[in-house]
Amino acid sequence: MRSALVRAARSVRWYVRELTDESAYDRYVAHVRKDHPQAEVPSRRDFERMRTDRQEEDPRQGFRCC
């Protein structure tokens, strides 16, 4: 019973992280470490700034209202 509850909680956590794109930084870090091992991994804050800047520069990404 407990293991089923733990599995369900993990599944919900994974789903919410994917839905909100919270896992984007984790995927980016994995990519940098795999494909560019000599490169420095940016902090979470720097990653979010780069991501926001890229979204604002590309009109295909939509727009930010706030």
Side-chain angles (χ1 to χ4, degrees):
M1 172 81 174
R2 183 168 187 260
S3 64
L5 186 59
V6 170
R7 276 197 315 270
R10 286 181 181 156
S11 295
V12 169
R13 181 179 184 271
W14 175 87
Y15 180 76
V16 170
R17 284 177 46 85
E18 291 296 321
L19 184 67
T20 62
D21 212 20
E22 179 69 22
S23 59
Y25 179 69
D26 297 333
R27 287 191 305 270
Y28 181 73
V29 169
H31 160 74
V32 169
R33 288 186 176 152
K34 178 181 174 239
D35 296 338
H36 309 284
Q38 72 285 356
E40 184 177 334
V41 176
S43 68
R44 175 87 184 214
R45 183 182 186 122
D46 291 340
F47 168 77
E48 293 297 341
R49 171 54 42 205
M50 290 185 319
R51 190 171 148 187
T52 301
D53 290 346
R54 186 175 59 241
Q55 288 174 343
E56 289 177 348
E57 291 171 1
D58 188 352
R60 296 173 295 171
Q61 296 288 327
F63 65 93
R64 283 184 48 209
C65 68
C66 308

Visitor: Taking the side chain as every heavy atom from C-beta outward, state whether D46 and R49 have any atom pair closer than 4.5 Å.
Guide: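 Sidechains of R49 and D46: no contact.
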Visitor: Does some side-chain heavy atom of Y25 sit less than 4.5 Å from a side-chain heavy atom of V41?
Guide: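 A side-chain contact exists here, since the closest heavy-atom pair is under 4.5 Å.
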Visitor: What distance separates E56 CD from R54 CZ, expressed to the nearest 0.5 Å?
Guide: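 Atom-to-atom, E56:CD and R54:CZ are 11.5 Å apart.
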Visitor: Is it true that a side-chain atom of S23 and a backbone atom of D26 form a donor plus acceptor pair closer than 3.5 Å?
Guide: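 No; judged by distance alone, with no hydrogens or angles, the pair does not exist.
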Visitor: Considering only NZ, NE, NH1 and NH2 on the basic side and carboxylate oxygens on the acidic side, decide whether R44 and E22 come within less than 4.0 Å.
Guide: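 Yes, R44 and E22 are salt-bridged.
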Visitor: Can you list, by chain and residue number, the hydrophobic cluster partners of V12 when the side-chain cut-off is 4.5 Å?
Guide: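 Cluster partners of V12: V16.
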Visitor: Quick one: side chain to side chain donor-acceptor pair (under 3.5 Å) partners of D21, sequence neighbours excluded?
Guide: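 Only R27, R51 meet the side chain to side chain donor-acceptor pair (under 3.5 Å) criterion with D21.
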Visitor: Can you tell me which residue pairs pass the salt bridge (Lys or Arg N to Asp or Glu O under 4.0 Å) test with a partner in residues 5-16, sequence neighbours excluded?
Guide: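 Of all non-adjacent pairs touching residues 5-16, none passes salt bridge (Lys or Arg N to Asp or Glu O under 4.0 Å).
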